[in-house]
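Indexing begins at 1, ligand by ligand and atom by atom, following the structure's order. Bear in mind that the values here come from a model prediction, so they are computed numbers and not experimental data. This chain uses plain numbering: 1 for the first residue, then up along the sequence.
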Amino acid sequence: MQTKLEQMKTRAVEEIKNASNLNELQEIKIKYLSRKGELNTIRRGIKDLSPEEKPFIGDLANKTAGAIEKAFDESYETLYKQSISEKLASEKLDVTLPGDFVPYGKQHPLTLTVNEIVSIFYKMGFTLVDEADSPEVETEYYNFDALNFPPDHPAKDMQDTFYTLNAPNLLLRSQTSNSQIRKMEKTPPPLRVISPGRVYRSEAVSSRKNNLFHQVEGFMVDKEVTFGDLKGVLNAFTGQFFGQERPTRFRTSFFPFTEPSVEIDVQCIICAGSGCRTCSRSGWLEILGAGMIDPNVLQTVNIDPDKYSGFAFGMGVERLAMLKLAVNDIRLFFNNDIRFLEQF
Ligand code: PHE
């Protein structure tokens with residue numbers, strides 16, 4: 001048994017020395033030192049030995065186990081260090097390489113423009129309309145009739161307005177003014193409301209016109225609201241949006257739902273007023289329609305025109321964006337060309 005133990009020890013130490021990685025080393029340990037390993041197999045024979053031999057062989061078996069473990073520990077240490085440095089070498093990082101470029105998304109120039117318009121009116125005490133009071137699919141009543149359009153008004157023609165095919169009175173709204181009626185119908189004055197949204201018109205598309213565009217509607221109704229209030233609010237707006245030095249002008253106009261009515265023009269940014277294609281050589285571009293709310297409209301929504309008055313305005317978001325950002329074709333806002341969109 002002594003020889004067996006000694007031979008086994010020599011073999012084990014030799015194998016441990018030759019192990020080339022940690023896995024192999026672990027296998028060797030199991031082979032010799034585990035519960036069912038070679039050393040225990042030999043130990044199981046100790047009980048059959050003579051009483052004189054037992055302590056000697058027992059002691060030798062323990063020493064053999066110790067020697068194998070010591071060899072194992074030493075080898076483990078070396079192989080472990082080796083495996084770490086192999087790992088470090090193979091997973092080496094070049095921290096000087098440039099990182100992957102991840103471009104940030106940006107808001108669409110029209111979204112930026114609407115947000116700016118809305119925030120200017122917020123500062124003047126206007127609040128945003130509920131979405132439910134500003135639907136894009138609308139009835140003829142809210143888009144036209146309640147706004148004092150006569151039954152034969154040309155805007156009601158199919159050539160100007162998109163009607164739905166299956167429901168005869170439903171259309172895509174041609175103006176955000178429908179939200180005036182819906183809001184005033186539900187809420188008594190005083191009111192100061194701002195209402196941005198999409199509108200649709202059946203027109204030939206050009207550098208200045210698109211079938212779909214955006215408006216921001218606004219209105220104020222209270223006791224003793226005057227045309228002076230309208231001018232004050234809208235001048236404050238154009239001054240903040242375009243800067244005080246940008247020339248603007250009021251022109252008289254007509255809308256069925258306002259009386260008197262005006263339009264505001266802003267000097268063309270493309271040609272600085274000298275006249276170009278974008279402004280039809282006039283040097284000016286119209287940005288909004290406005291006026292004092294017609295007493296007929298107030299009556300329709302059960303607001304007493306003898307007690308209350310108000311003004312309303314509706315501005316074209318694309319126009320405002322074109323004039324502010326010097327964009328000369330409205331279609332650029334809808335083409336989703338990243339080279340255009342990236343600039344804002
Ligand atoms: N709704 C009008 C348009 O689309 C603009 C407008 C709004 C005019 C409110 C007066 C008052 O042309």
Side-chain angles (χ1 to χ4, degrees), residues 114 117-118 121 126 129 133-136 138-150 153-157 159-162 171-185 191-203 208-222 225-227 229-235 237-238 248-266 284-298 300-301 303 305 308-321 330:
V114 171
I117 297 168
V118 169
F121 283 101
F126 285 71
V129 78
D133 291 330
S134 184
E136 285 174 42
E138 187 53 286
T139 61
E140 257 192 293
Y141 176 77
Y142 287 103
N143 194 74
F144 292 127
D145 302 337
L147 286 158
N148 204 33
F149 280 68
H153 193 282
K156 296 180 77 169
D157 201 278
Q159 270 165 11
D160 294 312
T161 300
F162 289 111
L171 45 79
L172 294 179
R173 69 171 170 192
S174 61
Q175 49 184 354
T176 42
S177 304
N178 64 329
S179 58
Q180 284 185 40
I181 303 297
R182 287 186 176 271
K183 181 70 189 181
M184 288 193 290
E185 217 173 38
L191 286 168
R192 259 182 287 178
V193 179
I194 194 92
S195 169
R198 277 189 280 261
V199 300
Y200 303 83
R201 287 188 198 172
S202 176
E203 302 182 298
R208 284 154 47 115
K209 284 183 175 164
N210 200 42
N211 291 146
L212 154 71
F213 60 101
H214 298 76
Q215 289 187 333
V216 175
E217 190 87 5
F219 57 97
M220 173 171 176
V221 184
D222 204 344
V225 175
T226 67
F227 194 82
D229 296 318
L230 177 156
K231 277 194 88 171
V233 166
L234 292 179
N235 278 333
F237 168 74
T238 52
T248 57
R249 67 179 187 192
F250 281 70
R251 257 185 310 107
T252 52
S253 184
F254 175 80
F255 300 100
F257 41 96
T258 48
E259 182 60 35
S261 304
V262 289
E263 281 175 342
I264 294 184
D265 295 339
V266 173
W284 299 91
L285 274 162
E286 179 210 323
I287 55 156
L288 64 83
M292 300 307 290
I293 300 177
D294 195 292
N296 281 348
V297 174
L298 293 176
T300 304
V301 292
I303 294 175
Y308 290 99
S309 57
F311 65 81
F313 56 87
M315 50 184 80
V317 176
E318 282 77 0
R319 280 291 173 81
L320 288 167
I330 193 173

Legend entry - Residue part near ligand 1, for Arg201, under 4.0 Å between non-hydrogen atoms: side chain
Inset, instruction - Please determine if Arg182 and Glu138 form a salt bridge, counting it only when a charged side-chain N lies under 4.0 Å from a carboxylate O. - result: yes
Legend entry - Any N or O of Ser174 closer than 3.5 Å to N or O of ligand 1: no
Inset, instruction - Do me a favour and list the nearest non-hydrogen protein atom to atom 2 (C) of ligand 1 with residue, atom name and distance? - result: Gln175 OE1, 3.6 Å
Inset, instruction - Decide whether the shortest distance between a heavy atom of Phe257 and an atom of ligand 1 is less than 4.0 Å. - result: yes
Inset, instruction - Report, as yes or no, whether the 6.0 Å neighbourhood of atom CZ on Arg208 holds more than 12 heavy atoms from other residues, nucleotides or ligands. - result: yes
Inset, instruction - Going by heavy-atom distance to atom 9 (C) of ligand 1, choose the closest among Met315, Glu217, Met292. - result: Glu217
Legend entry - Whether Gln180 lies under 4.0 Å from ligand 1, heavy atom: yes
Inset, instruction - Would you please classify the geometry between the Phe126 ring and the Phe121 ring as parallel, tilted or perpendicular, with 30° and 60° separating the classes? - result: perpendicular
Legend entry - Minimum side-chain heavy-atom gap Phe250-Leu230 below 4.5 Å: yes
Inset, instruction - Identify, by atom number and element, the atoms of ligand 1 in contact range of Ser177, meaning under 4.0 Å from any of its heavy atoms. - result: 1 (N), 7 (C)
Inset, instruction - Check whether any side-chain N or O of Asp265 sits under 3.5 Å from a backbone N or O of Arg251 as a donor-acceptor pair, and report yes or no. - result: no
Inset, instruction - Report yes if the side chains of Val317 and Phe213 come closer than 4.5 Å at any heavy-atom pair, otherwise no. - result: no
Legend entry - For Gln215, the ligand 1 atoms whose distance to one of its heavy atoms is below 4.0 Å: 3 (C), 4 (O)
Inset, instruction - May I ask you to identify, for Ala290, whether its side chain, its backbone, both or neither come under 4.0 Å of ligand 1 on a heavy-atom basis? - result: backbone
Inset, instruction - Say whether Arg173 and Ser179, considering side chains only, have a donor N or O and an acceptor N or O under 3.5 Å apart. - result: no
Inset, instruction - Could you verify whether a donor N or O on one side chain and an acceptor N or O on the other, from Gln175 and Gln215, lie under 3.5 Å apart? - result: no
Legend entry - Atoms in ligand 1 flagged as close to Thr258, the criterion being non-hydrogen separation under 4.0 Å: 10 (C), 11 (C)
Inset, instruction - Among all protein heavy atoms, pick the one closest to atom 7 (C) of ligand 1 and tell me residue, atom and distance. - result: Gly314 N, 3.2 Å
